[in-house]
Structure formats: C-alpha cells, structure tokens
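Note that ligands are numbered from 1 as they come in the structure, with each ligand's atoms numbered from 1 the same way.
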Amino acid sequence: MADIEKEAALPSKKNFSDWYNELLWMGEIMDVRYPVKGLYVWYPFGFAIRRNTYAIIREILDESGHQETLFPLLIPENEFMKEAEHIKGFEDEVYWVTHGGKAQLDVPLALRPTSETAIYPMYKIWVRSHAALPLKLYQIVNTFRYETKHTRPLIRLREITSFKEAHTVHATWEEAEAQVKEAVELYTEFYKRLAVPVLRSRRPDWDKFPGADYTDAIDALMPDGRALQIGTCHHLGNNFAKTFDIKYETSSGEQVLAYQTCYGISERSLAATISIHGDDKGLVLPPEIAPVQVVIIPILFKKEAEEVLAACKDVWARLKKAGIRAEIDSSDLRPGAKYYKWEMKGVPLRLEIGPRDLKNNVAVVVRRDNGTKAQLPLPEIVEGVKAGFEAIHENLYAKAKAELESHIISCTSLTEVKKAIQKNIATIPWCEKKECGLAMEEEMDAGILGIPLDQVEDKPAKCPICGEETKTRVYVARTY
Ligand code: A5A
Ligand code: ZN
C-alpha cells in the first residue's frame with residue numbers, strides 16, 4: 001500500500017468520531033468504500049493486526065482446553081426456527097438464501113447470525129457419555145446480521161468478519177456456571193494482553209442473549225465516554241439442549257439433558273484497542289499485536305552511509321532472530337516524513353542509527369507511547385527492545401486503567417446520572433425490579449449495562465424510581 005501517501009493531518013482525538021474514521025483509513029486498517037452498507041475491507045496492515053490479535057485469543061483458548069472447529073455458514077430454516085426465544089431475538093437480523101441459481105430452494109437457508117442452530121444439531125449426535133464432558137469447541141468465522149442501527153467499521157457490521165464463538169457442553173448447571181466464570185476470566189486476560197481494561201457485569205434480564213438463562217458481559221470505555229460491548233458469555237441452561245435433544249448418559253446409564261454455554265467476541269476487540277490507545281499522531285499499538293514492532297531509521301550522510309546501513313542490517317538481523325518484527329526504512333523520505341509515517345502506523349519503538357551513534361556503539365530509541373528518547377548500547381539491543389516492549393505495554397494498560405477508573409461516577413439521582421453519562425459511565429442504586437430498571441432507562445435515555453461482577457458496593461441506598469433500599473448498584477452508560 002506504498003501508494004497511499006497521506007501527508008494530511010489526522011483530526012484531533014477530541015473529535016472522536018472523525019478521528020476514528022480517518023485513522024482507519026490513514027492507519028490502513030479498513031477501507032470503507034465497499035459498495036454494500038455495513039461491509040468493509042481489511043487493508044493488509046489492518047489484517048496483520050487482526051492476525052496477531054486473534055493469535056492471542058487462539059492461544060488462550062487452546063491452553064484452557066478448547067479445540068478449534070469449523071461449521072457451515074448456512075443453516076436450514078427448520079433448525080434455525082426451533083428455539084423460540086432465539087428466533088424472537090434474531091429473526092429481524094437474518095439474511096436468507098432462497099435460491100440456488102434460478103431454482104427456489106425447498107428449505108431456505110439462513111446465513112448464520114451466530115451458530116447455535118448450526119452447531120447444536122451436531123452436538124445432539126456427538127454428545128454421548130458423561131465421560132466425554134465437558135465439550136469445549138470454538139470457531140473464528142464470519143457471521144451476518146442485518147443491523148438496523150448505525151453501522152460502523154469494526155464496531156457494528158452487517159458482516160462480522162472475525163466472530164470468535166465458543167460453545168461448551170456440561171453435565172450440570174453448576175459446571176456451566178463455572179464455565180461462564182472461566183470465560184469472563186479468559187476474556188479479561190485477552191483484553192489485558194491488548195492493554196484494554198474492562199468492566200464486567202451481569203446484563204439485566206431484558207438484555208440477555210436470546211435463549212440464555214443469563215449473560216455476563218465485558219465492556220470497554222471508548223474515548224467519547226460511551227461503552228462498547230466487547231465480549232459476552234452466556235449461560236444457556238438446558239434451553240437449547242431441550243430443543244435440540246442434547247443428552248448424555250450418566251454413570252448409572254440414565255439419559256439426561258446437558259447444560260450449555262457460549263461466548264463470543266468480534267473485531268470490536270480491535271476497535272477498542274485502537275480507540276483507547278491511539279493519539280493525535282495515529283495508531284499506538286501494544287507491541288504484541290503491532291505488525292511492525294521496531295522501525296530502524298538509518299541517518300545517512302554520504303561519508304559513513306555504508307557503515308551505518310551495515311549496522312542497521314546487523315541490528316535488524318539480530319532482532320529478527322529473536323522473533324521481533326523489525327523493518328529498516330532506507331527510503332529517500334526525509335527523516336521527518338519517516339517519523340510521521342511510522343508513528344501513524346503505531347510502531348512501538350523507533351531506532352535511529354547515525355554515524356555518531358555508531359562511534360558510540362549505541363542506537364537512539366524512541367517510544368511511540370510517550371515519545372521518550374534514550375540510548376541503547378548496540379550489543380544489548382535485543383534485551384533493550386524487549387524491555388521497551390514490556391514498559392510500553394505496562395504504561396498503556398496503566399494509562400487506560402486510570403482513564404477508565406476516573407470515568408466511573410457514583411450517582412444517587414437520575415439527574416446526576418444524566419449529566420455524568422455525557423462523558424462517563426455512571427453507577428446508580430437499583431432495587432433489581434424490572435419495571436424500575438426499564439423506567440430508569442427511559443428516563444436516562446441510556447442503557448443499564450448490568451450489575452458489576454467485581455466491586456460490591458454494600459452501602460444501602462435508595463432506588464431512584466421506587467425508593468426501596470438496596471445494596472445493588474448498576475453501571476449505566478450511553479452505548480454503541
Ligand atoms: N453466540 C453468542 C456468543 C453470541 O452471538 N453472542 S452476541 O450476540 O452477544 O455476540 C458476541 C459479541 O459479538 C458481542 O458481545 C459483540 O462484542 C460482538 N458483536 C455483536 N454484534 C456485532 C456486530 N454487528 N458487529 C460487530 N460486533 C458485534
Ligand atoms: Zn425500584
């Protein structure tokens with residue numbers, strides 16, 4: 001994509017929406033010019049970030065006993081229509097394939113909006129004995145949802161290209177509950193690797209996944225003060241097991257219904273990472289997912305040009321050998337233009353090597369996250385770069401965590417909430433009655449995210465609708 005020369009300045013991050021849209025283009029993440037609403041194209045650079053990001057989730061799932069699988073995209077209408085709650089939740093969002101060539105299909109086929117109804121008919125066949133449980137599978141696929149809310153690249157798509165969904169089967173309700181807890185922990189760990197701190201909460205009953213007993217969700221705070229749901233973990237009880245007849249044999253030979261969970265994330269994980277860490281100069285990528293982790297800039301003068309280039313190549317080779325993704329920029333761009341270009345791309349470390357550095361046997365190292373400059377002795381360059389990556393990751397996470405914490409505002413009245421959520425996430429007491437929850441949402445013109453899974457605020461306070469004393473608080477936010 002060398003032809004994309006962008007000397008124009010990025011809008012300030014204060015205008016988050018403009019900044020985000022421009023950054024996806026200037027940072028070469030997504031091209032939004034595909035002629036179908038809600039469908040976008042990955043630039044190779046963006047796709048490389050995606051690949052590194054999804055390598056992390058694969059590693060985390062594989063190491064915790066999940067196995068990767070791949071199911072068909074098309075779901076026959078009769079399977080899709082089996083689970084009543086599930087249909088109600090998704091029927092307005094499904095794309096249907098009705099024809100093969102000119103012939104009308106006997107059974108229309110749904111493009112999966114999620115894969116319960118593709119996977120569970122097979123689970124009926126596969127699940128046999130208690131000894132083979134739990135079953136923990138996942139797939140990374142594209143799914144289709146005819147979204148009617150405002151579509152946005154990486155955030156709300158009609159073709160979700162990077163839908164990671166896990167589907168597990170257990171012997172008891174309690175084991176499935178424990179699995180949902182594990183899933184929340186695994187996602188938290190995943191987001192920590194992206195230096196993204198998260199809020200974890202149990203969604204109110206009216207906002208749970210269609211067909212689930214309950215939904216635990218993970219949200220991130222976006223720079224405009226809105227919450228983005230970046231992962232959900234659902235306890236499915238035996239609702240789908242009843243519908244799809246998924247039974248296992250107990251040790252005493254009885255056939256009993258299984259319990260299930262499912263949990264998913266999407267390219268919203270990249271939207272959050274990019275939005276939270278980026279700045280007015282462009283992307284700021286956590287080193288683990290940066291396609292280029294180190295850019296080496298030779299500072300060339302005629303006389304010592306050859307020696308400088310040779311030193312750069314030597315550094316590059318040593319970094320590469322250590323598994324670090326480095327690149328030498330020996331193009332004829334001015335150094336300033338090179339800095340601009342690689343800063344836009346979020347490269348975590350820039351090494352500058354000129355004749356004087358060579359004499360001192362050092363490189364100048366510049367951090368993308370905070371702009372600090374230091375000297376690294378050339379013989380210790382690999383260790384120095386690795387230490388730099390760690391420091392950058394820690395700084396990004398600490399900064400984002402402080403930002404998140406400073407934007408959670410404890411409120412006692414709806415008036416306070418309405419003001420707070422213009423730029424923050426609010427907490428408010430709630431008696432846990434549905435009618436009060438719905439009344440609050442209506443009055444606040446914002447959603448209840450849910451009851452926090454972590455912090456317990458046990459000072460009793462009054463529900464702002466009915467006045468009842470309660471120890472429960474909920475997160476409230478404007479959402480995407
Ligand atoms: N089968 C379960 C896992 C499921 O489908 N859950 S879900 O509907 O909540 O979707 C999982 C996650 O995908 C959500 O938490 C959200 O982060 C993401 N997601 C949902 N719809 C999306 C869309 N239209 N565009 C991008 N991401 C989306
Ligand atoms: Zn109440």
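Here the options are Tyr120, Tyr138, Tyr123, the test is ring-ring contact (aromatic ring centres under 6.0 Å, His included), and the partner is His167; only Tyr120 passes.
Considering backbone and side-chain atoms alike, Cys262 places every N or O at 3.5 Å or more from each N or O of ligand 1. The shortest N or O to N or O distance between Thr232 and ligand 1 is below 3.5 Å. When only interatomic distances are considered, the shortest N/O to N/O separation between Thr114 and ligand 1 falls below 3.5 Å.
Formation of a donor-acceptor pair under 3.5 Å by the Glu165 side chain with backbone atoms of Thr114 is not found in this model.
To the nearest 0.5 Å, atoms OG1 (Thr148) and CD (Glu93) are separated by 7.0 Å.
For ligand 1 and Glu116, the ligand atoms under 4.0 Å from any heavy atom of the residue are 1 (N), 2 (C). Against a heavy-atom cut-off of under 4.0 Å, Gln229 is close to the following atoms of ligand 1: 9 (O), 14 (C), 15 (O), 16 (C), 17 (O). For ligand 1, the atoms closer than 4.0 angstrom to any heavy atom of Tyr263 are 3 (C). Each of the following atoms of ligand 1 lies closer than 4.0 Å to a heavy atom of Glu147: 21 (N), 23 (C), 24 (N). Near Gly231, meaning under 4.0 Å from one of its heavy atoms, ligand 1 places the atoms 15 (O), 17 (O). Distances below 4.0 Å separate heavy atoms of Ile230 from the following atoms of ligand 1: 17 (O).
Because its NZ or CZ atom is not both nearer than 6.0 Å to the ring centre of Tyr214 and within 45° of the ring axis, Arg203 does not count as a cation-pi partner of that residue.
Vertex the Zn ion (ligand 2); arms to Cys436 SG and Cys466 SG; angle rounded to 10 degrees, 110°.
Nearest protein heavy-atom contact of atom 4 (C) of ligand 1 is Phe209 CE1, 3.4 Å.
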